[in-house]
Amino acid sequence: MPGLHGKRILLGITGSIAAYKAVEWLRSLVKEEADVTVAMTEAAERFVSPLTFSALSGHGVHRDLFDEAPDRVMAHINLSREADAILVAPATAQTIARLAHGMADNLLTAAILAARIPVVICPAMNSFMLNHPATQDNIRRLESFGYRIVQPNSGELACGEVGDGRLADWDAAREALLSLFQPDDLKGMTVLITAGPTREALDPARFLSNRSSGKMGFALARTARRRDAEVVLVAGPVQLSDPPGIEVMRVTTAEEMRQAVVGRAAVADVVVKSAAVADFRPAAIAGHKIKKTQYGGHLDMVKNPDILAELGAHRPLGQILVGFAAESQDHVSEGQRKLREKNADLMVVNDILGVQTGFDVETNQVTLVDCRGSVALPLLSKEETADRIWDAVVQLRSGPAGI
Ligand code: CTP
């Protein structure tokens, strides 16, 4: 089941100007088919009408601790019983202080105090309020309770100042929610992932590259982070934004990718080479655009370094090395050959000719190949495929069971 589909989320909205952004967040949740119930504080209602949230969520908005409607009695207890997670966005300094001190003087804080489900808090406020030792202390207290804090962004604030305190992006909050529903079986591990194509210049106007979109590598990075790994992502030129909580190194050429990867591989517990590295590059880069009249009918090319093979030859003890193989035929035998030749633990073979498995699509159908055999996975989203690859990595790390 992909993403937040079917998850029951209690969305708590408190009195910050950023409450208007919660409207968009609610829409995103509903689009993903999460089942969202909204609870608002009195101050939040001054910024956005409860009607907006009830219309978008399809449920009445919970507002009052002492509501006498029959279905609302004991709402502060029932609200969290009927949810899988609580998301407080935006969370004001006031609500954070209340929660830090166990105060249950409104419906939302009472519901959170009574909850036995995960809580995600997204602070939003003026930067002086945020950086005040009282607020910082309160946020640390919330962390010590096991609440997950989605740190606010820096930038222009509604009060006209520039600084910390802007509500985080939805992407960061969504990742925090998704991680609640994942095992933390990559905790304590550093994983290094490569993604996308490389680009090899021919002259100032032209380059050689391939059709890799980077989506599989970015899906691997996001899913590893959700499973609590420290993630370093080395990405070739792709149209994808940095996933939250991940160190992203942007490179262009195979040689730049090699340098970035070799520099970080020694301390990685797992390396996944999902990048489509260009095997060849032009022997020389022309300083000026090559004119039609200068072109003699062929290009001189030289081989690029094989990064995976280099990693395989010098891998530290215990490191798990995963390669990808883009194939149009003989998938398993080609996977086995590359596994051996590059000294990898696992090869993920994908069929580049399939309509739903080739370049730049949202789905993939891969075969996992290790020294014991192979397993063909069904057609899945790239994130689901990524999770199956991590399952295989966890198995490889824990013993000789094989895939
Ligand atoms: N790879 C690499 N450096 C290269 C070429 C490939 O690190 N110069 C890695 C890829 O990231 C992938 C694996 O090697 O993990 C296999 O890549 P693939 O393009 O399928 O295979 P090649 O080694 O290029 O072999 P062939 O051209 O015979 O298919």
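In listed order, ligands and their atoms are each counted from 1. Everything numeric in this text was worked out from a predicted model, so none of it was measured.
What sits closest to atom 3 (N) of ligand 1 on the protein, heavy atoms only, is Ile307 N, 3.0 Å. With respect to atom 20 (O) of ligand 1, the closest heavy atom belonging to the protein is Lys338 NZ, 2.8 Å. Looking only at heavy atoms of the protein, atom 17 (O) of ligand 1 is closest to Phe324 O, 3.5 Å.
Under a 4.0 Å criterion applied to the non-hydrogen atoms of Gly323, ligand 1 contributes the atoms 15 (O). Heavy-atom proximity to Leu308, at under 4.0 Å, picks out these atoms of ligand 1: 2 (C), 7 (O), 9 (C), 13 (C), 14 (O), 15 (O). Near Pro305, meaning under 4.0 Å from one of its heavy atoms, ligand 1 places the atoms 3 (N), 4 (C), 8 (N). Annotation for ligand 1: atoms under 4.0 Å from non-hydrogen atoms of Arg337 are 28 (O). For ligand 1, the atoms sitting less than 4.0 Å from at least one non-hydrogen atom of Ala325 are 20 (O), numbered in the order shown with element in parentheses. Heavy-atom contacts of Ala275 reach the following atoms of ligand 1: 10 (C), 11 (O) (cutoff under 4.0 Å). Within ligand 1, counting atoms from 1 as listed, the ones closer than 4.0 Å to a heavy atom of Lys273 are 7 (O), 11 (O), 12 (C), 15 (O).
Under 4.0 Å is where a charged nitrogen must lie from a carboxylate oxygen, and between Arg98 and Asp105 at least one such pair does. A salt bridge is absent between Glu24 and Lys31; no separation between the charged side-chain nitrogens and carboxylate oxygens falls under 4.0 Å. Between Arg63 and Glu45 a salt bridge is recorded (basic side-chain N to carboxylate O distance below 4.0 Å). Ion pairing between Asp171 and Arg222 holds under the 4.0 Å rule for side-chain N and carboxylate O. Salt bridge annotation for Arg166-Glu156: absent, with no cationic side-chain nitrogen under 4.0 angstrom from a carboxylate oxygen. Salt bridge status for Arg227 with Asp387: present, with a side-chain N to carboxylate O gap under 4.0 Å.
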Set out, in order, the CA-CA distance, both residues' side-chain angles and the distance that settles side chain to side chain donor-acceptor pair (under 3.5 Å) for Ser179 and Gln182, then state yes or no. CA-CA 5 Å; Ser179 66; Gln182 291 295 327; over 6 Å; no

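Protein heavy atoms come within 4.0 Å of atom 11 (O) of ligand 1.
Taking a 4.0 Å cut-off on heavy atoms, Lys342 registers as neighbouring ligand 1. For Ala326, the closest heavy-atom approach to ligand 1 falls below 4.0 Å.
When each of Ile9, Ile117, Leu177 is tested with Ile86 by the rule side-chain contact (heavy atoms from CB on, under 4.5 Å), just one qualifies, namely Ile117.
For Arg264 (side chain) and Leu192 (main-chain N/O), no donor-acceptor pair under 3.5 Å exists by modelled atom type.
Inclusion of Asp279 in the set of residues having an N or O under 3.5 Å from an N or O of ligand 1 is warranted.
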